[in-house]
Amino acid sequence: MRLQEYQGKELFRRVGIPVPREQLASTPSEAEKIAKAFGSKAVIKAQILVGGRGKAGLIKLADTPQEARQHAENILGQTLKGERVEKVLIAEAIDIQKEFYLGITIDRAKRSPVVIFSTQGGIDIEEVAKKTPNAIFKVHINALEGLHPYQIRNLLHQAGLDSRLFKPLSEIVEKLYTAFSEHQAGLVEINPLALTRDGQLMAVDAKVIIDDEALEAMPELLEKKDGASESPQERMARQHDLQYVKLDGDIGIIGNGAGLVMATLDLVQLKGGKPANFLDVGGGATAEQMQKAMEIVLKDPAVKGLFINIFGGITRCDEVARGLIAAKEALKIKKPMVVRLTGTNEEAGRTILEQNGIVPVGDMEDGAGRIVELVRALRG
Ligand code: GDP
Ligand code: MN
């Protein structure tokens, strides 16, 4: 699960990485109060998990507390890629001289953690990788030995960093690795790691991804898991043992089994559509789980149509059909819906659907094409 920026920074603070003074606000007047207390310029930042906040106007600089209030009023309640802004972070604005990138993740090919550093920070590292791949420097860590100080020095040296920054930056790398390894993170990223006018290094942003299972084992972080960092859909899915992932498009996808779901996503893309999310009901889904699955996927405001692709193995088609019909009635679904249902008890499943006015498609390619057309027709 990805943590919100403010939670990621809390983690940084705990391991001793310098972070600007900041506080969370859910109303414009709170924002004003916080900015006033800081007594300086403030940055108002939407707390959502989708990227591109800056470009979308969801990060604003405020010169006065009144301005902070206005920006908060403007930003709160806005929606980006289906995610609604419920909270803003009010951070003391710092005077940035230079922006670096620092991240630690797992290099799957090398099966080891890797530290990534660039003096070209502030923009997406993917973009840096495309435009100036020579500006990205990496060092792999032997997980058993840990990170050696000479490795960090080499890395910073290669990157051409001002040698006066070696010591403070090395300390931040070590602390970030502590945060990474102690929390079994998949990614800890500071972008930008800012160098202020007066020569301090500070984490201005935080992107932290922690494995759900690892989080389960950490009671002090569990509260975060139940907190604002989860979308309502993610929370519901977790509570019902369903795998839900949010994407950028407008077609909701429900399937069973990771392989089938991935293939479904690919087919929808191939037909010119864009999935809004996907939910894997897994093996042996019950009617109740199926109903929940539909409720969760349709709760995403970005969903304009729904494609259900179930291959009955352990899962029984009649169970799925029953859940589907129950959901259709309970939720009064008006959005276009395409169903492909095949496998165990297929005939019984089909009959239930047809009795309730749903005709399942024969194969998944056909289904993918159908839902893409239906959603496109809605756009007019
Ligand atoms: P992101 O766009 O979602 O990655 O949000 P960031 O937190 O990385 O902020 C985007 C950009 O806003 C940064 O790269 C900075 O250039 C700028 N920014 C954020 N906080 C401050 C601040 O306190 N002072 C100044 N001067 N710029 C800031
Ligand atoms: Mn950033």
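The chain is numbered in sequence order, starting from 1. In each ligand, atom 1 is the first atom listed, and ligand 1 is the first ligand listed. Values in this document were obtained by computation on a predicted structure and should not be read as measured data.
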Residues Glu295, Lys292: salt bridge by 4.0 Å N-O rule: yes
N-O pairing of Glu126 and Lys130 below 4.0 Å: no
Check: Glu234 main-chain N/O paired with Gln239 side-chain donor or acceptor under 3.5 Å: no
Leu89, Asp124, Ile59: member with heavy atom nearest to atom 12 (O) of ligand 1: Ile59
Protein heavy-atom partner closest to atom 4 (O) of ligand 1 - residue, atom, separation in Å: Asp205 OD2, 3.1 Å
Cationic N near anionic O, under 4.0 Å, Glu22 to Arg13: yes
Residue part near ligand 1, for Glu99, under 4.0 Å between non-hydrogen atoms: side chain
Mode of Asn191 contact toward ligand 1 - side chain, backbone, both, neither (heavy atoms, under 4.0 Å): backbone
Atom 20 (N) of ligand 1: nearest protein contact (heavy atom, Å): Val204 CG1, 3.3 Å
Any Pro20 heavy atom less than 4.0 Å from ligand 1: no
Closest protein heavy atom (residue, atom, distance) for atom 3 (O) of ligand 1: Arg53 NE, 2.7 Å
For ligand 1, the portion of Val43 having any non-hydrogen atom under 4.0 Å away: side chain
Any Ala91 heavy atom less than 4.0 Å to ligand 1: no
Ligand-side contact atoms (ligand 1) for residue partner Gly54, heavy atom cut-off under 4.0 Å: 2 (O)
Close-contact set for ligand 1 against Ala93 heavy atoms, below 4.0 Å: 23 (O)
Residue and atom name of the nearest protein heavy atom (relative to atom 23 (O) of ligand 1), distance in Å to one decimal: Ile94 N, 3.0 Å
Glu10 bridged to Arg14 by N-O distance under 4.0 Å: yes
Atom indices of ligand 1 within 4.0 angstrom of Lys45 heavy atoms, with elements: 6 (P), 7 (O)
The Mn ion (ligand 2) - closest N/O/S atom in Asp205: OD2
Lys167/Glu171 ion pair, N-O < 4.0 Å: yes
Short N-O contact, Lys9 and Glu5, less than 4.0 angstrom: yes
Under-4.0 Å salt bridge between Asp205 and Arg53: yes
Protein heavy-atom partner closest to atom 27 (N) of ligand 1 - residue, atom, separation in Å: Ile96 CD1, 3.5 Å
Arg111/Asp107 ion pair, N-O < 4.0 Å: no
N-O pairing of Lys274 and Asp250 below 4.0 Å: no
